[in-house]
Amino acid sequence: MAKLRSLPLPFLLLFVLLPFSCAEIKNLQIRSDTRSSILFEKFGFNHRGTVSIALSEAAFPSADPSMLGFFLLSDESLFQAIYESQNNGSPENYPGPNPSCVLNSPYVKLLFTFTELSAAGTFNKSYPVTHPDEYSLFFASCAPDTTISMNVHTEMFNIDPDGTKNYLSVGQSAVPTIYTVSAIAYFVFLAAWLYLSLIQNRLTAHRIHHLMSGLLLVRSLYLLSAAEDQHYIRVTGLSHGWDVAFYLFQLLKGVLLFAVIVLIGTGWSFLKPFLQDKEKKVLMVVIPLQVVANIASAVIGETGPFIMNYVTWNQIFLFVDVACCCAVLFPIVWSIRTLRETSKTDGKAARNLAKLTLFRQFYMVVIGYLYFTRIIVYALKTIASYKYRWVSVAAEEAVTLAFYLYMFYMFRPVERNQYFVLDEDEEEAAELALREEEFEL
């Protein structure tokens with residue numbers, strides 16, 4: 001495309017549509033890189049934003065320094081450029097010695113070229129951003145086959161009304177508060193659940209209920225570490241070690257959540273004391289997949305889009321997460337089919353009807369939860385204005401809490417629950433219902 005042809009259009013569209021959460025202070029090393037463009041950060045600015053860039057040890061053998069530089073590109077300008085290029089854009093329509101170089105494009109905010117570097121290959125300067133928008137910080141090389149090495153220090157922040165720096169993007173400033181409120185809600189939830197499972201209904205609590213207690217504890221700690229991580233990034237630009245706790249509890253939370261869904265789907269400990277071989281295999285698949293997914297998530301979160309394999313890590317995370325979501329549904333389906341077959345022979349229609357109904361409801365709720373948190377939340381992050389990115393976080397936490405409340409309520413430790421309903425007066429009606437209604441998925 002005209003004026004942006006040195007940056008491939010799919011590349012630009014991909015990274016503009018990728019949602020980034022924050023732009024804490026970054027110290028990056030680039031060694032012998034031949035890419036024509038590198039995306040460093042994506043950040044939403046208000047009218048008092050600042051971009052600070054410092055370079056050191058910059059080396060670009062035999063390259064014209066005017067062909068190398070950094071620039072900001074807003075989403076609005078990108079789409080304007082795409083529209084114009086599809087209509088009447090042409091490099092010949094723009095002045096300049098290199099009309100096809102992105103650094104000369106009227107759609108980008110050029111920060112500097114390498115002609116401004118010192119003899120030692122250093123540079124340090126801050127730039128104000130007065131037009132509110134979401135901007136992507138790029139390095140561009142319009143010199144083909146040029147190898148570039150440099151150390152890059154970046155800071156992107158807004159100035160709050162009280163004069164303090166805010167290193168969270170516009171639309172993300174409310175995220176620490178959302179995580180804090182959610183953490184408090186889960187700690188209250190955990191206290192109520194412990195009272196229910198360890199005191200009030202201690203005799204009817206099973207091993208699965210204690211595992212569910214561990215899930216609540218880990219999720220509470222995950223939200224607490226996420227709130228602290230985002231708070232320190234907002235205030236100082238650095239996580240101060242909270243990112244380690246965040247990724248640790250994120251891993252444990254993911255493993256325990258999928259394990260609990262699988263075990264509830266099999267009826268382990270409250271319907272049967274052991275797992276079948278095929279159910280054990282599902283756990284053996286889901287747990288390693290969750291480990292891989294969280295490794296990919298950590299790489300994505302800690303490195304950023306500047307690494308060469310950033311898209312690959314995103315694809316790994318997406319593929320593994322989808323695989324986990326599919327795998328956890330199999331035990332629920334198997335349980336429904338087993339109960340359906342058993343109901344024809346064991347003479348306990350009312351009990352089996354209650355179990356079938358409960359499992360089918362659980363199956364549908366799990367599908368709804370996974371669909372919302374994987375598809376709807378991503379859509380909200382992508383299409384919502386950068387000013388309202390917090391909405392996707394709030395929606396995900398609200399739906400997750402609702403899912404936890406449903407799951408924990410339906411499978412709570414009580415003496416007489418839907419698994420053990422057996423009313424003689426209901427037997428005839430239940431048998432009729434089982435004959436007339438097919439509990440197939």
Side-chain angles (χ1 to χ4, degrees), residues 174-232 239 241-271 283 286-287 290-291 293-294 297 324 328 358 361-362 365-366 368-370 372-373 377 390 393-419:
V175 170
T177 301
I178 294 173
Y179 283 142
T180 300
V181 172
S182 299
I184 294 173
Y186 277 96
F187 276 117
V188 173
F189 190 176
L190 174 61
W193 179 258
L194 289 176
Y195 173 78
L196 182 68
S197 60
L198 297 182
I199 300 177
Q200 186 176 7
N201 295 291
R202 179 174 57 85
L203 298 179
T204 56
H206 297 277
R207 286 173 291 174
I208 185 65
H209 297 121
H210 301 314
L211 189 62
M212 292 164 74
S213 300
L215 173 59
L216 279 181
L217 175 61
V218 168
R219 177 146 191 98
S220 301
L221 295 174
Y222 159 76
L223 288 168
L224 179 62
S225 61
E228 290 298 316
D229 177 67
Q230 292 290 294
H231 167 73
Y232 279 106
S239 60
W242 280 99
D243 55 338
V244 177
F246 171 78
Y247 290 119
L248 173 62
F249 290 121
Q250 179 178 261
L251 169 63
L252 295 176
K253 179 259 302 181
V255 170
L256 281 177
L257 174 60
F258 280 97
V260 165
I261 292 176
V262 169
L263 292 174
I264 287 178
T266 65
W268 175 73
S269 85
F270 50 82
L271 283 183
L283 279 177
V286 168
I287 292 177
Q290 272 297 296
V291 173
N294 281 273
S297 176
C324 285
V328 298
L358 188 59
Q361 290 175 351
F362 184 57
V365 169
V366 169
Y369 167 73
L370 295 176
F372 188 92
T373 54
V377 169
W390 61 269
V393 178
E396 182 175 12
E397 291 304 323
V399 169
T400 300
L401 180 59
F403 172 72
Y404 273 61
L405 287 171
Y406 167 83
M407 180 172 64
F408 279 64
Y409 176 78
M410 294 303 293
F411 299 97
R412 65 195 185 280
V414 292
E415 183 177 355
R416 185 177 177 82
N417 61 23
Q418 294 189 51
Y419 279 113

Any idea how F362 and Y406 line up, ring-wise: parallel (<30°), tilted (30 to 60°), or perpendicular (>60°)? parallel
The single option from L256, V328, T266, L370 passing side chain to side chain contact (heavy atoms under 4.5 Å, CB included) against I261: V328
Can you tell me how far apart CG (L224) and CG (D229) are? Round to the nearest 0.5 Å. 11.0 Å
Under 3.5 Å, is there a donor-acceptor pair between the side chain of H209 and the main chain of F411? yes
Run the side chain to side chain contact (heavy atoms under 4.5 Å, CB included) test against V255 and tell me which residues pass, sequence neighbours left out. L251, I287, Q290
Rounded to the nearest 0.5 Å, what's the gap from CG on L217 to CE on M212? Could you check? 14.5 Å
Please list all pairs meeting side-chain hydrogen bond (donor to acceptor under 3.5 Å, both in side chains) that have one or both residues in residues 247-262, counting only residues at least two apart or in different chains. Y247-E302, Q250-N294, Q250-S297
Please name all residues satisfying side chain to side chain donor-acceptor pair (under 3.5 Å) with S213, sequence neighbours left out, ordered by chain then number. W193
L194 side, atom CG; H210 side, atom NE2 - distance, nearest 0.5 Å: 10.0 Å
Looking at residues at least two apart in the chain, or sitting in another chain, which of them share a ring-ring contact (aromatic ring centres under 6.0 Å, His included) with F258? none
Residue set satisfying side chain to side chain contact (heavy atoms under 4.5 Å, CB included) with L283, at least two apart, ordered chain then number -> A259, V262, L263, L275
What's the spacing between E228 CD and L223 CG if we round to 0.5 Å? 12.0 Å
Closest non-hydrogen atom pair, Q361 against M410: OE1-CE, 3.9 Å
For residues 179-192, which side-chain N or O atoms pair as donor and acceptor with protein atoms under 3.5 Å away, sequence neighbours left out?
{"from": "T180", "atom 1": "OG1", "to": "P176", "atom 2": "O", "distance (Å)": "2.8"}
{"from": "S182", "atom 1": "OG", "to": "I178", "atom 2": "O", "distance (Å)": "2.9"}
{"from": "Y186", "atom 1": "OH", "to": "R219", "atom 2": "NE", "distance (Å)": "3.3"}
{"from": "Y186", "atom 1": "OH", "to": "L401", "atom 2": "N", "distance (Å)": "3.3"}

Locate the shortest heavy-atom distance separating A205 from S197; write the atom from each residue and the value. CB-O, 3.3 Å
Give me the ring orientation class for Y404 and F408: parallel if the planes are under 30° apart, tilted from 30 to 60°, perpendicular past 60°. parallel
Gap separating the CG atom of L257 from the CG atom of L252, nearest 0.5 angstrom: 12.5 Å
Would you name the heavy atoms of T400 and E396 that are closest together and state the gap between them? OG1-O, 2.7 Å
